[in-house]
Amino acid sequence: MPSRSLADAFRSHPVHLHQKHLDFSSLQEIPDSHKWTQLDDIEQQHPSVESFITESVPVIDLLDPNVLQNIGNACKTWGVLQVTNHGIPISLLESVEGVSRSLFSLPVQQKLKAARSPDGVSGYGVARISSFFSKLMWSEGFTIVGSPLEHFRQLWPQDYTKFWYMFGIGDQALCLLFSSFSNDQISTLYSDVIEEHEKEMQKLARRLTWLMLGSLGITKKDLNWAGPKGESKEGGAALQLNSYPACPDPDLAMGLAAHTDSTLLTILYQNNTSGLQVLKEGIGWVTVPPIPGGLVVNVGDLLHILSNGLYPSVLHRAVVNRTKHRLSIAYLYGPPTSVQISPIQKLVGPNHPPLYRPITWNEYLVAKAKHFNKALSSVRICAPLNGLVDVNDHNSVKVG
Ligand SMILES: C=C1C[C@]23C[C@@]1(O)CC[C@H]2[C@@]12CCC[C@@](C)(C(=O)O1)[C@H]2[C@@H]3C(=O)O
Ligand SMILES: O=C(O)CCC(=O)C(=O)O
Ligand SMILES: [Fe+2]
């Protein structure tokens with residue numbers, strides 16, 4: 001079989017989204033197409049707990065001598081944590097935020113020039129999971145796999161200077177610097193920022209993966225991700241820029257509906273505006289507050305499979321607010337796309353049968369596109385001994 005990249009994931013399974021693209025900034029009230037009730041997303045029925053609840057997502061200093069144990073506890077009990085001292089320069093995160101702000105400030109018609117195609121991964125559009133809901137989300141996204149240069153050239157073509165100057169990029173220093181460049185140079189500069197970010201995040205994601213697996217007693221020799229000729233293969237990634245405009249009635253809108261990520265792990269940067277919530281069993285929806293310089297790391301479905309369910313992927317969503325435009329940048333990290341992911345042998349035994357069948361990342365993305373939050377149970381081969389269903393399997397979603 002020819003080796004496929006992440007960009008090919010949906011070639012055999014195109015997703016046609018009825019994309020209704022709003023100019024959010026001009027709206028004084030929410031149109032019916034974007035008004036959610038609890039019935040539109042069954043997960044909304046869990047309570048949203050307020051800040052007086054003492055339980056909060058663990059914050060872990062990556063330089064702490066107990067980092068392995070702390071990460072293990074957080075993955076087991078929360079499926080999500082925040083990390084500090086992670087080594088990613090804040091200036092780099094702010095530059096990506098600047099690129100993102102510049103992109104989402106473009107007029108809708110301009111952004112649609114880089115629209116994601118039904119069988120593609122990269123580009124502008126509504127969240128892929130939108131097809132499972134009858135209501136639209138109060139957000140827009142831009143997905144990047146590989147170089148974004150071609151899409152950036154479509155977004156900021158030669159004759160587009162006027163808009164670029166008008167909206168700026170929300171970062172004064174970059175704005176002044178860029179004002180002496182042509183638009184092609186802007187696309188190149190923006191693309192360089194994304195490339196630098198990818199390099200740094202790839203290193204952090206790899207380090208976090210081994211810390212998470214290390215906390216389960218797994219070492220590199222327990223995992224064979226080598227290619228057919230023994231060559232070692234690197235993980236892949238998608239970068240998702242999310243934009244959640246201020247919303248006239250946030251209680252009726254949904255930024256990004258509850259989902260788990262189809263990744264090993266996801267690293268999320270949120271600008272200083274909260275909105276991310278995670279579902280904690282027995283408690284409800286807990287807000288993950290932005291902490292200065294911190295990054296949120298959540299367990300994805302593929303780590304759930306690898307760990308044979310010991311580290312469950314976490315259900316999360318993004319809510320919106322009345323006054324602030326929120327941006328988030330998600331680095332979705334996965335294994336080499338041709339590698340079969342299955343429960344690690346060392347974690348399997350007579351009392352711990354393998355719970356999932358082997359599956360590649362691309363195959364899993366297709367399963368997610370077909371079954372959404374039931375994708376994990378679609379690859380399940382064995383009922384758990386304790387008789388419980390998968391933690392994320394309790395939701396029923398409207399299909400179509
Ligand atoms: C690799 C991927 C994971 C993702 C689908 C994608 O092909 C690129 C975008 C990712 C994202 C980001 C927002 C939430 C999400 C569920 C979605 O609709 O697109 C995730 C997908 C995922 O993790 O399944
Ligand atoms: O914006 C957020 O806080 C969440 C984004 C997210 O879950 C995603 O991109 O997968
Ligand atoms: Fe997510």
Side-chain angles (χ1 to χ4, degrees), residues 1 3-4 6 8-10 12-13 15 42-43 72 75-80 128-129 132 209 212-228 233 235-236 258-266 279 281 298-316 332-397 399:
M1 201 174 72
S3 106
R4 293 197 167 261
L6 187 58
D8 300 313
F10 303 109
S12 60
H13 188 84
V15 178
I42 198 97
E43 296 303 346
C75 289
K76 201 160 42 189
T77 54
W78 282 88
V80 60
R128 284 201 88 85
I129 55 172
F132 292 92
T209 304
M212 287 174 169
L213 292 174
S215 67
L216 286 169
I218 303 302
T219 61
K220 290 195 178 164
K221 68 175 167 28
D222 298 315
L223 259 194
N224 181 14
W225 281 355
K233 293 214 170 163
H259 65 279
T260 58
D261 292 340
S262 314
T263 57
L264 285 171
L265 57 85
T266 301
L279 188 63
E281 240 185 47
N298 67 264
V299 173
D301 295 342
L302 298 182
L303 186 57
H304 183 127
I305 294 175
L306 269 187
S307 68
N308 209 22
L310 290 175
Y311 288 173
S313 53
V314 66
L315 203 59
H316 56 285
L332 299 128
Y333 182 70
T337 45
S338 53
V339 162
Q340 298 271 345
I341 296 301
S342 57
I344 297 170
Q345 270 305 313
K346 223 177 174 175
L347 304 175
V348 167
N351 293 325
H352 302 280
L355 300 179
Y356 302 95
R357 69 172 169 82
I359 189 161
T360 67
W361 191 11
N362 278 4
E363 287 163 354
Y364 191 77
L365 285 168
V366 171
K368 188 63 147 264
K370 283 186 190 155
H371 307 294
F372 185 36
N373 280 350
K374 298 218 179 291
L376 254 186
S377 51
S378 78
V379 294
R380 189 155 191 141
I381 47 173
C382 182
L385 292 177
N386 62 11
L388 293 172
V389 291
D390 269 337
V391 281
N392 298 321
D393 248 27
H394 44 122
N395 65 324
S396 68
V397 287
V399 180

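Considering only residues two or more places apart in sequence or on other chains, Tyr333 meets the side chain to side chain donor-acceptor pair (under 3.5 Å) condition with none of them. The side chain to side chain donor-acceptor pair (under 3.5 Å) search around Asp261 returns His259, Thr266, Asn298, His316, not counting sequence neighbours. When the side chain to side chain contact (heavy atoms under 4.5 Å, CB included) test is applied to Ser342, the partners found at least two apart in sequence or on another chain are Pro358. Partners of Leu310 by side chain to side chain contact (heavy atoms under 4.5 Å, CB included), not counting sequence neighbours, listed by chain and number: Leu216, Ser307, Leu347.
Nearest heavy-atom pair, Val348 versus Pro354, reported as atom, atom and distance to 0.1 Å: CG1-CD, 3.6 Å. Closest non-hydrogen pair, Val366 versus Ala9, comes out as CG2-O, 3.4 Å. For Trp361 against Pro335, the heavy-atom pair with the smallest separation is CE3-O, 3.4 Å. The heavy-atom pair separating Ser262 from Lys368 by the smallest distance is OG-NZ, 3.1 Å. The nearest pair of heavy atoms linking Pro312 to Cys75 is CD-O, 3.8 Å.
Counting heavy atoms from C-beta outward, Ile218 and Leu306 have side chains that stay 4.5 Å or more apart. Side chains of Tyr311 and His304 form no contact here, defined as non-hydrogen atoms less than 4.5 Å apart. Looking at Tyr364 and Thr263, their side chains never come closer than 4.5 Å, going by heavy atoms from C-beta outward. Under the 4.5 Å side-chain criterion, counting only non-hydrogen atoms from C-beta, Leu6 is in contact with Asn362. With a 4.5 Å cut-off on side-chain heavy atoms, Pro343 and Ile305 count as touching.
Judged purely by atom type and a 3.5 angstrom limit, Trp78 has no side-chain atom pairing as donor or acceptor with the backbone of Val314. Between the side chain of Ser377 and the backbone N or O of Arg380 there is no donor-acceptor pair closer than 3.5 Å.
Legend: salt bridge (charged side-chain N to carboxylate O under 4.0 Å, His left out) pairs involving residues 342-354, not counting sequence neighbours, sorted by first then second residue: Asp222-Lys346.
In this structure, the separation between CD1 on Ile359 and CG on Leu302 is 8.5 Å, given to the nearest 0.5 Å.
Between Phe372 and Phe132, the ring-plane angle classifies as parallel under the 30° and 60° cut-offs.
Thr260 and Asp301 share a donor-acceptor pair across their side chains, judged by distance under 3.5 Å alone.
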Practice task
Check step by step if side chain to side chain contact (heavy atoms under 4.5 Å, CB included) holds for Ile129 and Asn373.
Solution key: CA-CA 9 Å; Ile129 55 172; Asn373 280 350; over 6 Å; no

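Other residues, nucleotides and ligands place more than 12 heavy atoms under 6.0 Å from the CD atom of Gln340.
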